[in-house]
Peer 1: 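For reference, the structure I am asking about is given below.
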Amino acid sequence: VDKEKKNRDENDQDSLIDFVIFGYEKCATSFLYASFLNSSSYTFVAPGERHYLQKSDSEFVEGMSYFQSLKDSQQRGVDNHDKEARNQLEKKEEVYTENNGDNSAAKNISANSAIVPPSSMAVDKEKKNRDENDQDSLIDFVIFGYEKCATSFLYASFLNSSSYTFVAPGERHYLQKSDSEFVEGMSYFQSLKDSQQRGVDNHDKEALKLSIKNGYKNPIGIYSTKALSRIENYFPDLKIVITMRHPIHWFESFYNFREQAFRTQYRKHPETPRKHLPPSHELIGSNNCVLGHGVCTERANFHIPLSNFRWTSMQSQHELELLNHHEQSSLNFNNTNVELFLIEQSQLYDSNITRAQQMENDMTSFLGLSQGSDQRLSLQTEVRTNHGSNIKAINDICDSEHAKVREELVRVGTKASEWIKTYFLASSRVTVSSKSYFLELIEKWKYDPCLFV
């Protein structure tokens, strides 16, 4: 409280509380905070109802202490993890190079890939949670793929829509970074968890019977050897959410996104030569992934990274052919409780109310939340996060100049669709919503949409 007064006296804008919903009862205030004010990754509305400002002095002080610890944990995340977010292109290229040095989207996981971080309070506690079967994990879920498949919409307008979920803002790469950065990331989530628990202990004993589920977004995490190793070793109860889309639409979107990033970079640094992607037909195959700064047909093999979970037998010749006979992972997620929710992007914008509600129900249950109105996730299909390019390098993927790349992407999409349908969905670890509709969507990957326009 003294700090809050000092902020006011010094005209410091970093207030402990930035906004309140102050009335009126039965006027959609719950909807307002769960489905609107909490929809951005840069806003956080404390769960439940709070009466800090009208309580006794001691309870008022407790309330401000809760927000102080929350503010401290958020600032720690900014200080330690978001410096590189100010230059998105360099960050993405750095991560891509780290994870794809062999030019393959299907980077194999070797027997020596297990990562053991240095000792720290946060990591030690996470390991203790696992050893004692304590479910209060530092990280509860991650959005792990794929880039340009509506992952921003997924976390801003769906997974962040409940007052019982919190998705760290921006993109985070904790699990695939160096040991020291991994420890810093866990410390951030530890302080976040502590501040949330303090709020539960002091203010919401009746309202909060369930811990808040914390997660983050990393749309290239599924490719990372190091990240998968750390999940197996430190987060055996993690929930993983993956979105995918038709490979042809994915390629067009990713190509334009990368070109727009080059354009932005040149505007900031006009003294450097402007980069451009090569023509689309030169990005066919794995050898050109680095040339395309991650944009290549090989990365449309969405099914190959999924096979690293080892939830299919990979014994039959048919399955091995669908997986391009890539080397099998040395990890074994069958010894964990890790589960995966698979989404085809079109499901997030589905106008069918029944299927949209089923998606809400299924994801709510998947994250271990109650179907009650204050915990249930809401799929806000009318809100769309757009990070697309205003200037498109590929104006229309259906143009004849892109025929070769479309042909290759249909070949890739056919294998991915067939493997997911025949093998991956047979695993009890994999969840999809409205399965018949999901299968209908991935069946379209086998065909060139330009032929049906």
Side-chain angles (χ1 to χ4, degrees), residues 41-42 44 72-88 90-100 107 109 113-130 136-147 151-152 154-155 159-160 165-196 212-242 305 308 331 333 336 338 340 367:
S41 59
Y42 289 84
F44 175 75
D72 289 343
S73 69
Q74 292 168 337
Q75 188 58 47
R76 183 172 190 173
V78 172
D79 292 341
N80 291 339
H81 303 288
D82 285 322
K83 293 177 182 178
E84 69 275 20
R86 296 163 190 161
N87 195 329
Q88 289 292 330
E90 279 76 7
K91 181 188 71 172
K92 288 179 181 297
E93 288 185 348
E94 170 200 344
V95 174
Y96 172 74
T97 302
E98 174 188 342
N99 294 326
N100 296 275
K107 186 164 185 177
I109 300 177
S113 62
I115 304 300
V116 181
S119 176
S120 76
M121 183 180 298
V123 176
D124 287 345
K125 181 172 181 179
E126 185 61 46
K127 188 173 188 304
K128 181 174 181 289
N129 286 346
R130 188 191 75 171
D136 189 25
S137 179
L138 297 181
I139 303 175
D140 302 291
F141 65 93
V142 292
I143 302 170
F144 239 35
Y146 287 92
E147 64 266 71
T151 55
S152 294
L154 177 64
Y155 90 88
L159 297 188
N160 216 26
T165 57
F166 175 76
V167 186
E171 291 184 8
R172 313 251 168 170
H173 305 101
Y174 303 122
L175 297 182
Q176 66 203 61
K177 288 291 190 178
S178 66
D179 290 347
S180 61
E181 290 173 295
F182 172 52
V183 169
E184 283 184 357
M186 295 308 97
S187 297
Y188 164 65
F189 273 103
Q190 182 63 64
S191 58
L192 179 66
K193 183 75 75 172
D194 289 344
S195 69
Q196 291 168 340
I212 295 174
K213 304 296 184 182
N214 294 312
Y216 72 91
K217 183 189 83 159
N218 176 7
I220 57 175
I222 189 65
Y223 295 116
S224 172
T225 299
K226 192 177 291 185
L228 293 176
S229 296
R230 281 175 171 156
I231 289 174
E232 184 193 26
N233 285 285
Y234 289 92
F235 302 94
D237 300 303
L238 194 67
K239 307 290 187 181
I240 299 175
V241 182
I242 299 285
N308 288 324
L331 297 175
F333 283 88
T336 71
V338 171
L340 190 146
L367 295 184

Peer 1: Please evaluate residues K226 and D179 with respect to the criterion salt bridge (charged side-chain N to carboxylate O under 4.0 Å, His left out), reporting the C-alpha separation (whole Å), side-chain torsions for both, the decisive distance (0.1 Å), and the verdict.
Peer 2: CA-CA 10 Å; K226 192 177 291 185; D179 290 347; 5.8 Å; no
Peer 1: Taking the side chain as everything from C-beta on, heavy atoms only, tell me whether V167 gets closer than 4.5 Å to F141.
Peer 2: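 They are in contact (side-chain heavy atoms under 4.5 Å apart), so the answer is yes.
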Peer 1: Calculate, to the nearest 0.5 Å, the distance between atoms OH and OG belonging to Y234 and S137 respectively.
Peer 2: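 Interatomic distance, Y234 OH to S137 OG, rounded to 0.5 Å: 13.0 Å.
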Peer 1: Compare all side-chain heavy atoms of V142 with those of L238 and state whether any distance is below 4.5 angstrom.
Peer 2: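 Yes, close enough: below the 4.5 Å cut-off.
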Peer 1: Evaluate the ring planes of Y174 and Y188, with Trp represented by its six-membered ring, and classify them as parallel (under 30°), tilted (30 to 60°) or perpendicular (over 60°).
Peer 2: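 Aromatic pair Y174/Y188 classed tilted.
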Peer 1: Provide the closest heavy-atom pair for R230 versus K177 in the form atom of the first, atom of the second, distance.
Peer 2: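 That would be NH1-O, 2.7 Å.
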Peer 1: Quick one: are F182 and L175 in side-chain contact, heavy atoms under 4.5 Å?
Peer 2: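 A side-chain contact under 4.5 Å exists here.
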Peer 1: Enter the distance from E147:CD to I220:CD1 here, rounded to the nearest 0.5 Å.
Peer 2: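 Result: 7.0 Å between the selected atoms.
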Peer 1: How would you list, by chain and number, every residue that makes a ring-ring contact (aromatic ring centres under 6.0 Å, His included) with F144, sequence neighbours excluded?
Peer 2: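 F144: no ring-ring contact (aromatic ring centres under 6.0 Å, His included) contacts found.
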Peer 1: Under the criterion side-chain contact (heavy atoms from CB on, under 4.5 Å), I'd like the reasoning laid out for L331 against N308: C-alpha separation, chi angles, the key distance, then a yes or no.
Peer 2: CA-CA 7 Å; L331 297 175; N308 288 324; 6.0 Å; no
Peer 1: Using the test ring-ring contact (aromatic ring centres under 6.0 Å, His included), find all partners of Y146 that sit at least two apart in sequence or belong to another chain.
Peer 2: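 Only Y223, F302 meet the ring-ring contact (aromatic ring centres under 6.0 Å, His included) criterion with Y146.
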Peer 1: Could you check whether any side-chain heavy atom of D140 comes within less than 4.5 Å of a side-chain heavy atom of T165, counting everything from C-beta outward?
Peer 2: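 The answer is no; the side chains never approach within 4.5 Å.
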Peer 1: So, for L367 and K213, which heavy atoms are closest and what is the spacing to 0.1 Å?
Peer 2: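 Closest heavy-atom pair between L367 and K213: O-CE, 3.2 Å.
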Peer 1: If every non-hydrogen atom of S224 is compared with every non-hydrogen atom of Q176, which pair is closest and at what distance?
Peer 2: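 Looking at all heavy atoms of both residues, the shortest contact is OG-CB, 3.0 Å.
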